Chemist: 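Below is one structure. I have some questions about it.
Hydrogens, waters and symmetry mates are skipped; everything else that's a heavy atom, side chains included, is used. Computed from a prediction, not measured in an experiment: that's the story for all the values here.
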Amino acid sequence: MGRGRGGWPRAETRNGGRAGESLGMSTRTPLFEFLEYSVGAVEAAIARGETPRFEAATPTFYDAFFALAAQLGVLAGIEALADPRPQPYVPLSLLVMLTICRFLHGHQSFRRVGEILLKDQALLERLGVAPVLCQQGYYRNGERQPFNEEQFSEVFRRLAPEPLQALLAQAVQALRAQHPDWFREGCFLMDSNHFTLKGTRQEYKWCALFLYTPRGLFPVALEFSPVPGDGETTIGKRVVARALSTYGEGLIRLLIMDAGYLDGAWLRVLTEAHGIDWVIKAKADMVVVGEMERQAQEQGVWRPAPPPQLERPAEELPTRHLCHTPTLYGFTTYGLPVNGCVVRDRYPPTAKHPQGLETREYLLTSRRYWKGAAINRAFRRRWDAESMFGQLTRFWGLGTWGIGLFPVYRVLILLLALTLTVLQAHLTRGPARASLQEVADRLAVQQQEPRVLLRVAGACVVAGPPLLNRWLATGVLVFRPP
């Protein structure tokens, strides 16, 4: 690709010319261009006599999201990705940006990405694509196919994963420098998601390490199982090793996991060699579970705790009690005493269980100074990962993608993680948490609102009728009849 204004790439047509030259359109449209978004700066520039320009507006959420992506170095990183194709038909950077837009809009298939762009000329122009070229130029064998699964798969199956892993790590490091308070506690969750490729019954998985914050989770490292049947512990070890190699010692101080990652020797290495404490759920058949039960029966004190947050009426929720079981030696593979807590839930009688139902959960941690309530609170954070995977499944179609190639699935997950990290960072800075569906709804509403983008002296603002009328009333803008 050639270089446009500011060093940004310019799309080329099939005959080697610049996109839009033969169509009478500007060849100097940058792929990404973002200005300072400030009503005050715009008003001050107009007051100085600067002449404003009015353009079709990109939705405000796009402006804020992509401006943050630029600050984190994500946009420059996308532009720098090496295209694996000898003669790219559609620029790789555009395909990556379209994938990010797909996730933001909550579309579960690439086949709907065209609906976003062909109806949103402002977004097309902001991505550096001439709308008329999109409608007339992106075709093959006489059939117009600008956006479909095959178009993306053709590229993504050849794309190496490590540059995308590095791009995610770069964004995380930038957030670490900008918001050290998010990383101060050093609490991370680890969980896996299973998937089946189209046309096969073999199950694969990918494992993610999430930074925990009270306002949301940030994926910081991912690992993939390239062969069916890769165990939870195996892939979990790899993702922690990747995080340590990428971010160095000291980032992870507490790791919260489910029982699938239980490996005593590895947990001891985490604590002794890397200073990483852990909280994990014990398996029911372990020796240490019997030891915890004996302590609870002989000398335990059961203390009330908040019930689990279940989607059922309040009268059907269980009562929860905790029993602290300190100084456990039955976790023999660890080789050191551990701390523990038994969680007991008693459900009220139902038609299925007329006598009621009691369940128990056995939690272990290397933090010897914690009491039962602290152990329970820490482990409950793990459900944020379950909630995150649930949202990704409902709103981004995770687990339902009809993809038959492992490399394509891997690239999509890496781009999903990158989008999610930038999105969480954007939402965390706002006044309230928002679901992925609320993000898509906000974009849909903003696309329908009559607004214009006003640019002046390096600043911009998306202006609707209320703001423009206020400016006319206060004299910021002056109407002069022709």
Chemist: Could you tell me whether the side chain of T428 and the main chain of Q424 form a donor-acceptor pair under 3.5 Å?
Modeler: yes

Chemist: Ignoring hydrogens, what is the shortest heavy-atom contact between E315 and P348? Give both atom names and the distance.
Modeler: O-CG, 3.3 Å

Chemist: Please list all pairs passing the side-chain hydrogen bond (donor to acceptor under 3.5 Å, both in side chains) test where one or both residues lie in residues 248-259, with sequence neighbours left out.
Modeler: E249-H274

Chemist: Checking C341 now: which residues fulfil side chain to side chain contact (heavy atoms under 4.5 Å, CB included) with it, not counting sequence neighbours?
Modeler: L322, V343, I375

Chemist: Under the ring pair (Phe, Tyr, Trp, His ring centres under 6.0 Å) definition, can you give me all pairs with a residue in residues 336-379, not counting sequence neighbours?
Modeler: none

Chemist: Taking M257 as the fixed residue, which of L189, V279, I280 is the one that meets the side chain to side chain contact (heavy atoms under 4.5 Å, CB included) rule?
Modeler: I280

Chemist: Which heavy atom of Y329 sits nearest to which heavy atom of P337, and what is that distance?
Modeler: CE2-CB, 3.8 Å

Chemist: Counting only N and O atoms by type, is there a donor-acceptor contact under 3.5 Å from the side chain of E291 to the main-chain atoms of G330?
Modeler: yes

Chemist: Might you point out which heavy atoms bring L168 and A417 nearest each other, and give the distance in Å?
Modeler: CD1-O, 4.0 Å

Chemist: Would you please test M286 and L262 for side chain to side chain contact (heavy atoms under 4.5 Å, CB included) and show each step?
Modeler: CA-CA 11 Å; M286 294 179 66; L262 209 158; 3.6 Å; yes

Chemist: How far apart are the closest heavy atoms of L222 and P219, and which atoms are they?
Modeler: CD1-CB, 4.5 Å

Chemist: Report the residues that fulfil side chain to side chain contact (heavy atoms under 4.5 Å, CB included) with T393, sequence neighbours left out, ordered by chain and then residue number.
Modeler: L398

Chemist: Say whether, by atom type as modelled, one donor and one acceptor occur between the side chain of T200 and the main chain of T196 under 3.5 angstrom.
Modeler: no

Chemist: Of all residues at least two apart in sequence or in a different chain, which pass the side chain to side chain donor-acceptor pair (under 3.5 Å) check with W278?
Modeler: T271

Chemist: Just jot down the salt bridge (charged side-chain N to carboxylate O under 4.0 Å, His left out) partners of E162, sequence neighbours excluded, or say none.
Modeler: R242

Chemist: Is any side-chain heavy atom of I252 closer than 4.5 Å to one of Y247?
Modeler: no

Chemist: Which pairs with one or both residues in residues 176-199 pass salt bridge (Lys or Arg N to Asp or Glu O under 4.0 Å), sequence neighbours excluded?
Modeler: E185-R381, D191-R382

Chemist: Show the numbers, then the answer: is there a side chain to side chain donor-acceptor pair (under 3.5 Å) between S366 and Y334?
Modeler: CA-CA 10 Å; S366 59; Y334 181 68; 5.0 Å; no

Chemist: Let me confirm one number: the CG-CD1 distance from L95 to I78, rounded to the nearest 0.5 Å.
Modeler: 11.5 Å

Chemist: Quick one: CG on D384 to CD on E386, what's the gap to the nearest 0.5 Å?
Modeler: 10.0 Å

Chemist: Could you list the residues that satisfy salt bridge (charged side-chain N to carboxylate O under 4.0 Å, His left out) with E358, not counting sequence neighbours?
Modeler: R346, R360

Chemist: Using salt bridge (charged side-chain N to carboxylate O under 4.0 Å, His left out) as the criterion, list what pairs up with E361, not counting sequence neighbours.
Modeler: K281, R380

Chemist: Report yes if some heavy atom in the side chain of T99 is under 4.5 Å from a heavy atom in the side chain of V411; otherwise report no.
Modeler: no

Chemist: May I ask you to test the T246-Q173 pair for a side-chain heavy-atom distance under 4.5 Å?
Modeler: no

Chemist: Between CZ of R410 and CD of Q165, what distance do you get to the nearest 0.5 Å?
Modeler: 9.0 Å

Chemist: May I ask you to check whether W182 and F218 place their ring centres under 6.0 Å from each other?
Modeler: yes

Chemist: Starting from the C-alpha separation in whole Å, work towards a yes-or-no answer on side chain to side chain contact (heavy atoms under 4.5 Å, CB included) for E293 and T325.
Modeler: CA-CA 9 Å; E293 276 294 332; T325 55; over 6 Å; no

Chemist: In the structure I gave you, are the side-chain heavy atoms of C323 and M292 within less than 4.5 Å of one another anywhere?
Modeler: no

Chemist: Quick one: closest heavy-atom pair of F331 and G264, and the distance?
Modeler: CZ-CA, 3.9 Å

Chemist: Under 30°, 30 to 60°, or over 60°: which ring-plane class applies to Y204 and F406, parallel, tilted or perpendicular?
Modeler: tilted

Chemist: Verify side chain to side chain contact (heavy atoms under 4.5 Å, CB included) between V301 and H324, making sure each step is shown before the conclusion.
Modeler: CA-CA 7 Å; V301 177; H324 185 210; over 6 Å; no

Chemist: Got a sec, which residues hit side chain to side chain contact (heavy atoms under 4.5 Å, CB included) with V239, two or more places apart in sequence or on another chain?
Modeler: M190, C207, L209, A221, E223

Chemist: For a quick test of reading the model, state the closest non-hydrogen atom pair linking V240 to W266 and the distance between them.
Modeler: CG2-CZ2, 3.8 Å

Chemist: Do F156 and L405 have side chains that approach each other closer than 4.5 Å (heavy atoms only, starting at C-beta)?
Modeler: no

Chemist: Do L159 and L92 make a side-chain contact, defined as non-hydrogen atoms from C-beta onward lying under 4.5 Å apart?
Modeler: yes

Chemist: Is a donor on one side and an acceptor on the other found under 3.5 Å between the side chain of T233 and the backbone of G260?
Modeler: yes

Chemist: Nearest 0.5 Å please: distance from the CG atom of L418 over to the CZ atom of F103.
Modeler: 10.0 Å

Chemist: By the salt bridge (Lys or Arg N to Asp or Glu O under 4.0 Å) test, which pairs, at least two apart or in different chains, include something from residues 269-279?
Modeler: R268-E272, D277-R367

Chemist: Does CZ belonging to R303 count more than 12 external heavy atoms closer than 6.0 Å?
Modeler: no

Chemist: What's the separation between atom NE2 in H194 and atom CH2 in W206, rounded to the nearest 0.5 Å?
Modeler: 11.0 Å

Chemist: I'd like to know whether Q309 forms a side chain to side chain contact (heavy atoms under 4.5 Å, CB included) with L317, so could you lay out the CA-CA distance, the side-chain angles of the two residues, the decisive distance to 0.1 Å, and finally the verdict.
Modeler: CA-CA 8 Å; Q309 297 180 359; L317 292 177; over 6 Å; no

Chemist: Starting at CD1 of I100, measure out to CZ of F65 and round the result to the nearest 0.5 Å.
Modeler: 6.0 Å

Chemist: Within the distance-only criterion (no hydrogens, no angle test), does the side chain of Q391 pair as donor or acceptor with the backbone N or O of L436 below 3.5 angstrom?
Modeler: yes

Chemist: Looking at residues at least two apart in the chain, or sitting in another chain, which of them share a side chain to side chain contact (heavy atoms under 4.5 Å, CB included) with T234?
Modeler: D230, R238

Chemist: Within the side chain of Q170, is there an N or O that forms a donor-acceptor pair under 3.5 Å with the backbone of G77?
Modeler: no

Chemist: Determine whether a donor-acceptor pair (N or O, by modelled atom type, separation under 3.5 Å) exists between the side chain of S387 and the backbone of W383.
Modeler: no

Chemist: Could you tell me whether the side chain of V342 reaches within less than 4.5 Å of the side chain of H321, counting heavy atoms only?
Modeler: no

Chemist: Are L211 and V172 close enough that some pair of their side-chain heavy atoms sits under 4.5 Å apart?
Modeler: no

